[in-house]
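Shown next, in structure tokens, is the structure this report addresses.
Predicted model only: the values in this text are computed from it and were never measured.
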Amino acid sequence: MKLPRRKFLHLAAGAAVLPAVSRSAWTQTYPSRPITMIVPFAPGGLTDVIGRVLAEGMRTTLGQPVIVENVGGANGSIGTGRVARAASDGYTLVVGIWNTHVANGAAYVLQYDVAKDFEPIVLLADAPLLLVAKKTIPANDLKEFIAWFSANPDRLSMATVGAGSPGHLLGFLLEKETGARFGLVAYRGAGPAMQDVVAGQIDAMFSNTATALPQVLSGNVKAFAVTAKHRVATAPDPNVHHKLTAQGFEIPPPEQQTPEALGAYQKAEIEKWWPIMKAAGIKAE
């Protein structure tokens with residue numbers, strides 16, 4: 001069963017320079033004043049982490065303040081909408097993710113276009129998800145886990161962080177692939193959802209590595225699968241690349257770190273997932 005990974009995108013409401021983008025393509029007058037970077041989710045989450053790590057590197061490279069603002073709500077659509085309405089001058093950026101620039105276009109009625117109203121800059125990182133379950137589940141690997149909940153239809157509960165989120169869609173695909181059924185329970189964030197899995201009030205969830213790994217390593221939950229091709233990397237080095245890999249992110253190769261590659265990826269994901277979401281009737285409540 002192929003599982004999509006949670007891609008982190010970086011898009012802007014105008015052209016902007018990032019550390020991974022050649023500065024020679026821009027006039028020497030940019031940037032001449034502070035840049036605002038919108039993180040469309042609450043502080044402390046993975047999107048916030050990547051935004052703050054990136055902003056720190058940009059301040060050094062560009063020589064201007066990069067102000068990070070958290071504008072959460074509606075699966076990231078409120079903060080993303082603010083950037084869509086901003087002047088197209090490169091001074092208001094958004095740390096977008098798969099939710100905000102793919103799924104939300106199908107799950108929400110938006111006042112902006114997730115593709116046409118933004119200029120792609122670079123694919124920053126890829127954050128794998130872990131399928132985890134409460135430790136009392138009588139299974140030791142993915143095969144046993146699927147066999148257990150297939151034998152107990154309608155008993156399993158799975159946490160999600162909102163309609164159209166990667167965890168929601170992965171849960172839908174898991175149902176489709178196995179024929180089993182379980183109740184999806186929506187949470188406001190991965191942290192509260194994980195707390196209930198640890199407490200045994202929720203059976204399972206697809207969680208980002210930063211939230212899940214500490215609980216897995218502590219023996220508080222069981223991990224059955226990861227949506228990555230390789231083991232999750234960790235590294236303590238203090239530069240941007242290693243700060244991201246230390247949080248469980250995977251950094252794409254240079255040829256995938258271009259505006260064209262990001263735009264093509266977003267287009268392909270929309271074409272793939274919007275029909276699936278619409279057929280499943282996935283809509284924000």
Side-chain angles (χ1 to χ4, degrees), residues 1-16 18 20-21 38 40-41 46-47 50 74-81 83-85 88 93-129 131 160-178 184 186 206 208 225-229 249-285:
M1 179 172 59
K2 294 182 179 179
L3 303 177
R5 291 180 286 171
R6 189 184 188 191
K7 297 284 187 176
F8 277 70
L9 322 176
H10 192 103
L11 302 111
L18 299 184
V21 180
I38 301 296
F41 294 95
L46 276 186
T47 316
I50 199 171
N75 202 23
S77 63
I78 293 177
T80 304
V83 178
R85 295 187 297 272
S88 298
L93 313 179
V94 60
V95 183
I97 63 173
W98 191 90
N99 305 39
T100 59
H101 285 82
V102 176
N104 282 359
Y108 288 81
V109 177
L110 302 174
Q111 301 303 311
Y112 57 89
D113 189 294
V114 296
K116 295 178 181 178
D117 289 338
F118 298 87
E119 185 68 26
I121 299 175
V122 65
L123 178 62
L124 291 174
D126 185 352
L129 297 178
L131 171 60
T160 75
V161 294
S165 65
H168 186 189
L169 291 177
L170 288 171
F172 170 75
L173 286 178
L174 194 59
E175 285 187 324
K176 185 177 179 181
E177 292 284 340
T178 63
L184 294 172
F206 284 94
N208 62 68
V226 61
T227 61
K229 295 179 181 178
F249 291 104
E250 296 178 355
I251 308 301
E255 62 270 19
Q256 295 180 17
Q257 296 181 2
T258 67
E260 294 77 16
L262 176 54
Y265 166 76
Q266 183 188 20
K267 181 176 183 292
E269 289 293 287
I270 287 174
E271 292 175 350
K272 176 182 179 180
W273 287 103
W274 280 15
I276 295 174
M277 293 177 65
K278 291 175 180 177
I282 295 175
K283 287 288 184 182
E285 298 179 356

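If you take CD on Glu269 and NE2 on His101, they are separated by 14.0 Å, rounding to the nearest 0.5 Å. From Leu169, atom CG reaches atom OG1 of Thr160 across 9.5 Å, with rounding to the nearest 0.5 Å. Rounding to the nearest 0.5 angstrom, the gap separating the CD atom in Glu271 from the CD atom in Gln266 is 11.0 Å. In this structure, OG1 on Thr80 lies 11.5 Å from CG on Asp117, to the nearest 0.5 angstrom. Here the CG-CG distance, from Leu131 to Leu174, works out to 6.5 Å after rounding to the nearest 0.5 Å.
For Ile121 against Leu262, the heavy-atom pair with the smallest separation is N-CD2, 3.7 Å. When all heavy atoms of Pro259 and Pro120 are compared, the pair lying nearest together is CB-O, 3.3 Å.
Remark: the backbone N or O of Val102 is paired with a side-chain donor or acceptor of Trp274 at under 3.5 angstrom. Using modelled atom types, one side-chain atom of Lys283 and one backbone atom of Ala106 make a donor-acceptor pair closer than 3.5 Å.
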Show the numbers, then the answer: is there a side-chain contact (heavy atoms from CB on, under 4.5 Å) between Leu93 and Ile38? CA-CA 6 Å; Leu93 313 179; Ile38 301 296; over 6 Å; no
Start with the C-alpha gap between Phe118 and Thr100, add the side-chain angles, then the distance that decides, and say whether side-chain contact (heavy atoms from CB on, under 4.5 Å) holds. CA-CA 12 Å; Phe118 298 87; Thr100 59; over 6 Å; no
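With sequence neighbours left out, Phe172 forms a side-chain contact (heavy atoms from CB on, under 4.5 Å) with Ile276, Ala280. Listed by chain and residue number, Ser77, Asn104, Tyr108, Tyr112, Val114 satisfy the side-chain contact (heavy atoms from CB on, under 4.5 Å) test with Leu110 (two or more places apart in sequence, or in another chain).
The shortest side-chain heavy-atom distance between Asn99 and Pro166 falls under the 4.5 Å cut-off. Between Asn208 and Leu129, some side-chain heavy-atom pair lies under the 4.5 Å cut-off.
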